[in-house]
Amino acid sequence: DVKVTQSSRYLVKRTGEKVFLECVQDMDHENMFWYRQDPGLGLRLIYFSYDVKMKEKGDIPEGYSVSREKKERFSLILESASTNQTSMYLCASTGTSGKREQFFGPGTRLTVL
Amino acid sequence: GEDVEQSLFLSVREGDSSVINCTYTDSSSTYLYWYKQEPGAGLQLLTYIFSNMDMKQDQRLTVLLNKKDKHLSLRIADTQTGDSAIYFCAESSYNTDKLIFGTGTRLQVFP
């Protein structure tokens, strides 16, 4: 059974803290994605990676950075968390052929106080 | 840039059919997808359609694609309470591995 796991389901942090969100996939997928989900706005792409050590900005990269040191792991970093980064964060991965189905993790609900 | 739009809410009675609509702007779309998100969970692919198809049926699900109007719909027959979820429409283009998602439609099924 294919799997994308995220390190935490719920996280509460304070303004200014550095936050790490981890995502691991076991499908040997090349592509990995980080989205944030907010009511009425759908999923917005923050960053994606198409290979180890490669990354590209998505639609809303400001305030975020990413790291992909190993193929199976993609980390999202909030250098200095702010209250407007309170959101649900979803990680996904996909291969490079066929219908390009994206497989999603369960999400991390981050609250920044 | 590309855009995908959906209505935010749909409420139906158990046993009725549900129709969730989506419009998109990218004329080079290759695949169009419907994802389902149950409460507290990530998204799961429900069904998809290749852009050269008009219709796809999979048990209770029927996907209709009107390429001329860039309109996609998902029909759920005999809607059950377990179908209550958020449904996302998404599209991909041939030259990218990114998906563009709609805002999601929250389907509520009442007895």
Side-chain angles (χ1 to χ4, degrees), chain A residues 1-10 21 23-25 27 29-51 54-61 74 87-109, chain B residues 1-10 20-26 28-53 56 58 63 65 85-106 108:
Chain A
D1 198 16
V2 297
K3 222 175 178 85
V4 179
T5 56
Q6 295 183 229
S7 50
S8 306
R9 293 299 304 272
Y10 300 94
L21 302 182
C23 175
V24 177
Q25 51 97 2
M27 295 163 282
H29 281 162
E30 293 81 4
N31 302 311
M32 296 186 75
F33 305 82
W34 275 108
Y35 298 90
R36 63 176 282 175
Q37 180 182 8
D38 300 288
L41 297 178
L43 272 69
R44 292 181 291 167
L45 181 64
I46 305 171
Y47 267 98
F48 68 102
S49 168
Y50 49 89
D51 202 352
M54 306 299 283
K55 61 185 179 185
E56 278 199 29
K57 292 180 180 178
D59 301 316
I60 51 164
F74 191 35
S87 187
M88 170 71 89
Y89 290 88
L90 293 165
C91 173
S93 72
T94 185
T96 55
S97 62
K99 65 181 186 284
R100 295 178 180 160
E101 175 183 355
Q102 288 197 8
F103 292 87
F104 282 82
T108 296
R109 185 166 292 283
Chain B
E2 299 91 351
D3 195 21
V4 178
E5 293 192 356
Q6 304 176 237
S7 54
L8 291 180
F9 297 102
L10 177 65
I20 304 171
N21 294 300
C22 169
T23 57
Y24 60 97
T25 58
D26 185 5
S28 65
S29 295
T30 50
Y31 288 100
L32 295 124
Y33 310 82
W34 284 105
Y35 280 83
K36 178 183 181 182
Q37 184 183 34
E38 296 186 357
L43 278 68
Q44 189 168 17
L45 182 67
L46 202 56
T47 187
Y48 69 97
I49 188 167
F50 192 53
S51 58
N52 67 355
M53 297 168 64
K56 181 178 180 181
D58 184 1
V63 178
L65 175 60
I86 303 176
Y87 291 81
F88 289 92
C89 168
E91 60 98 6
S92 69
S93 298
Y94 74 96
N95 60 349
T96 177
D97 293 312
K98 294 191 294 183
L99 297 186
I100 308 297
F101 285 87
T103 53
T105 299
R106 184 179 292 274
Q108 183 177 12

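The chains referred to below are lettered A, B, ... by the order of the sequence lines, with proteins before strands, and numbering in each begins at 1. Predicted model, so just to flag it, every value in this text is computed and none were measured.
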**Q** Working to the nearest 0.5 angstrom, can you tell me the gap between A:Tyr35 OH and B:Leu43 CG?
**A** 9.0 Å

**Q** Drop me the distance from A:Arg44's CZ to B:Ile100's CD1, to the nearest 0.5 angstrom.
**A** 13.0 Å

**Q** Measure from the side-chain N and O atoms of B:Tyr31 to the backbone N and O of A:Glu101, and report whether any donor-acceptor pair falls under 3.5 Å.
**A** no

**Q** Heavy-atom distance under 4.5 Å to chain B: side chain of A:Gln37, backbone, both or neither?
**A** side chain

**Q** Nearest 0.5 angstrom please: B:Tyr35 OH to A:Phe104 CZ, how far?
**A**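 Result: 5.5 Å between the selected atoms.
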
**Q** Tell me, side chain or backbone of B:Gln37 under 4.5 Å from chain A's heavy atoms, or both, or neither?
**A**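 Interface part for B:Gln37: side chain.
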
**Q** Looking only at atom types and distance, does a side-chain atom of A:Arg9 sit under 3.5 Å from a main-chain N or O of B:Gly40, one as donor and one as acceptor?
**A**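 Judged by distance alone, yes, a pair lies under 3.5 Å.
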
**Q** Do you know which of B:Ala41, B:Gly42, B:Ala90 has the most heavy-atom pairs with chain A at a distance under 4.5 angstrom?
**A**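 Among B:Ala41, B:Gly42, B:Ala90, the one with the most close pairs to chain A is B:Gly42.
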
**Q** Counting only heavy atoms closer than 4.5 Å, note whether A:Leu43 contacts chain B via side chain, backbone, both or neither.
**A**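 Both parts, heavy atoms under 4.5 Å.
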
**Q** State, with a plain yes or no, whether a side-chain heavy atom of A:Leu41 is found less than 4.5 Å away from one of B:Thr103.
**A**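 No. Closest side-chain heavy atoms not under 4.5 Å.
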
**Q** For the candidates A:Gly42, A:Ala92, A:Gly58, which exhibits the highest count of non-hydrogen atom pairs separated by less than 4.5 Å from chain B?
**A**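 Option with the top pair count is A:Gly42.
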
**Q** Are B:Lys98 and A:Phe48 close enough that some pair of their side-chain heavy atoms sits under 4.5 Å apart?
**A** yes

